[in-house]
Amino acid sequence: MTSSEHHSSADFIRTKILADQESQRFGQRVHTRFPPEPNGHLHIGHAKSMCLNFGISQEFSGFCNLRLDDTNPTKESMDYVQSIQDDVRWLGFDWTDRLYFASDYFERLYDYAVKLIQNNKAYVDSLTAEEIRDYRGTLTEPGKESPDRQRSLDENLELFSKMRAGEFEEGAYILRAKIDMASPNINMRDPALYRIRHVTHYRTGDIWRIYPTYDFAHPLSDALEGITHSLCTLEFEDHRPLYDWVLRECEVSCHSQQIEFARLNLAHTVMSKRKLLQLVEEGHVNGWDDPRLPTLKGLRRRGYSPAAIRNFCDRVGVAKRDSVIEMGVLEHAIREDLNRSADRVMAVLHPVKVIIENFPEGQIEEVEAVNNPEDASRGTRQLSFSREIYIDHDDFREDPPKKYFRLSPGKEVRLKYGYIICCVGVDKDETTGEITAIRCTYDSETKRGGAQAGRKVKGTIHWVSVQDALPAEVRVYETLLLPSNLDAEGTSQGLEAKLNPDSLQVLETCWVEPSLSDATIGTSFQFERQGYFCLDPDSHKQKLVFNRTVSLRDSWAKIERK
RNA sequence: UGGGGGAUCGUCUAAUGGUAGGACGUCAGAUUCUGGUUCUGAUUGUGGGGGUUCAACUCCUCCUCCCCCAGCCA
């Protein structure tokens, strides 16, 4: 199987891989890796990377490793490792037995560093962090060589060994690559390879006092795992010469090709770990799985399916230019999925009581409702119809605008799966003027199967029967941010100012049909005419809690806006 | 302003010298017991100036704009 069988035209990465296969650069081998650092939860940007790495490995009959890039012990934890594995699996990817940790390579990485020293390609520097910054030069001026650059081989070896043994304070020494302090590429001005950290690593404990940097550990981890194509985001573009330098100077047998692509940006939300953390810690959202967050846990709780997210990533494509994807693309992906899979159900979010005056008091009638018009095998269910029902506040207007097809005084509307009713009056609270009930009559011939069943009216609305409706809370979400994206100026202050104050709206007094009483947590439903909703873990017997995943497309809202 | 990247419909993304195509969105129509779905149609684009060529999104040249880099983070 090749990528060309899946894509009418391959993206630039698949094109490169095809060319590498053509030239036998890695034989026919294609081996990728998904390398998150276990210092936070995965988000939809990671989903793009997973779809790329796991997707490509599948298309080219290769492999994809899950690698935890845990070279910085100060921010990493086992909890994150577990969370990452859960999320990768949930998204639908399988690393089988290829689970790796950069920390498992620490010993071999150390040996490579020693080799570099022996080859006069690395040295131990005693400059402080500030001094190193000064010596580095600027974007336009070359750097200066550290006095320690000329340190003897034996002395370097001995100092490095003592660094490892924990004989020095943090910051006292650092191992640097000996490359070129005048390089126009700042990453090549003798970058750090190892730093001293007297910190317990969540996996290796206290056996290491020095830890390799990303620039040293990453290329070698790729080499050790036999990775052929190392996909990363654009900001690593000017690290590529260093990536190649490390592999060349360490004389490894497998030299992977680093390829950079543009990270995913979604409009009206944030993707950086720092900002996500800020939202959680400052309480702007309720935890990492808040349904407003673009984290995989948040999307999952919001009701997004793994298939929809994968499909979204496919649609978005992969390229090198910076881009911001509109929310509409994500929303389309989940609607497309849920339209096929979610059972339909009646729910009233903003209830108004309707009294059907000519319907006998105490009488209850069964009506048949279709579970999913897209899937006949989902069958039908019975709904009970009675004299008093709830309809949505939006479906009644005392003074209807033009093209309003719903209920208004003297006008008819069909109750979905039920009768055509006609509004004959309105009850109002004497003091507030608020509508307390809508009075209607029904046409008894218009039920499905009735003599007038075929009679057409402009509108059909949803409803629930007062007598057996279940109370529910519904949480309606809007975007996290008001503007479509943060500018470069997006500081911590800036983020707070751009938050959408109405990103969460809690509707406490909703009514849903009784069939929902045995719904399981996480299941998605279409509330007829409204949107897709899923049952939240906060639900309990007394009160069901639903999250709105996404609304239905609403062409009436568009007409009314004009 | 040193280096590295990038610029194609509103938004993503194809087309490597040969009809600028697809998706999302938008608009219009058809169907519909969901103003949903589905179907049909329409809409709009190669950052700018020169040049090469029968032919340029594509090659050359000049310009403009955007992003990334001066962590002992990744």
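Numbered from 1 within each chain, the chains take letters A, B, ... in sequence-line order.
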[N] to [M] separation - [atom1] atoms, rounded to the nearest Å:
N	M	atom1	value
B/rC65	B/rA28	P	40 Å
B/rU11	B/rG49	C1'	28 Å
B/rG21	B/rC9	C1'	11 Å
B/rU1	B/rU44	C1'	38 Å
B/rA70	B/rU38	P	47 Å
B/rA30	B/rA23	P	23 Å
B/rC68	B/rG50	C1'	31 Å
B/rG36	B/rU31	C1'	13 Å

### Query
Within the pair A/Arg340 and B/rG36, is there a side-chain N or O less than 4.0 Å away from OP1 or OP2?
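A/Arg340 to B/rG36 OP1/OP2: no side-chain N or O under 4.0 Å.
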Determine the contact category for [X]: base if any of its heavy atoms lies under 4.0 Å from a base atom, sugar-phosphate if only primed atoms, P, OP1 or OP2 are that close, otherwise nothing.
X	value
A/Ile132	base
A/Val370	nothing
A/Thr213	sugar-phosphate
A/Gly171	base

So which nucleotide from [options] ends up closest to the side chain of [X]?
X	options	result
A/Ala319	B/rC72, B/rA74, B/rA14	B/rA14
A/Glu326	B/rG10, B/rG3, B/rC72	B/rG10
A/Lys75	B/rC73, B/rG10, B/rU26	B/rC73
A/Lys320	B/rC67, B/rG2, B/rG6	B/rG6

Using distance alone, with no hydrogens and no angle criterion, decide if [X] and [Y] have a side-chain donor and acceptor under 3.5 Å apart.
X	Y	result
A/Glu225	A/Tyr105	yes
A/Asp190	A/Tyr123	yes
A/His218	A/Asp69	yes
A/Asp215	A/His239	yes
A/Ser256	A/Tyr243	yes

Any side-chain to backbone donor/acceptor pair from [X] onto [Y]? Under 3.5 Å, distance only.
X	Y	answer
A/Arg414	A/Lys456	no
A/Thr446	A/Asp443	yes
A/Asp392	A/Val348	no

#### Entry: 5' priority, RNA chain B, between A/Val316 and A/Arg335 [closest heavy atom]
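Here A/Val316 is the residue nearer the 5' end.
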### Query
For A/Glu237 and A/Thr128, take the nucleotide of RNA chain B holding the closest heavy atom to each; which residue's nucleotide lies nearer the 5' end?
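Its nearest nucleotide lies further toward 5', so the answer is A/Glu237.
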### Query
Atom NE2 of A/His268 to atom P of B/rC24: distance rounded to whole Å?
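Roughly 19 Å, once rounded to whole Å.
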### Task
Dot-bracket notation for RNA chain B is requested: 5' to 3', Watson-Crick or G-U wobble pairs only, both distances under 3.5 Å, with ( ), [ ], | and . as defined.
.((((((..((((....[..))))((((((.......))))))...(((((..]....))))))))))).....
### Query
Would one find more than 12 heavy atoms of other residues, nucleotides or ligands at under 6.0 Å from atom NZ of A/Lys320?
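Yes, NZ of A/Lys320 has more than 12 neighbouring heavy atoms, counting only those of other groups under 6.0 Å.
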### Message
Can you tell me whether the side chain of A/Glu141 and the base of B/rG2 have a donor-acceptor pair closer than 3.5 Å?
### Response
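No pair found.
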### Message
How would you summarise protein contacts on nucleotides 28-35 of chain B per nucleotide, using B for base, S for sugar-phosphate only and - for none, with heavy-atom distances below 4.0 Å?
### Response
S----BBB
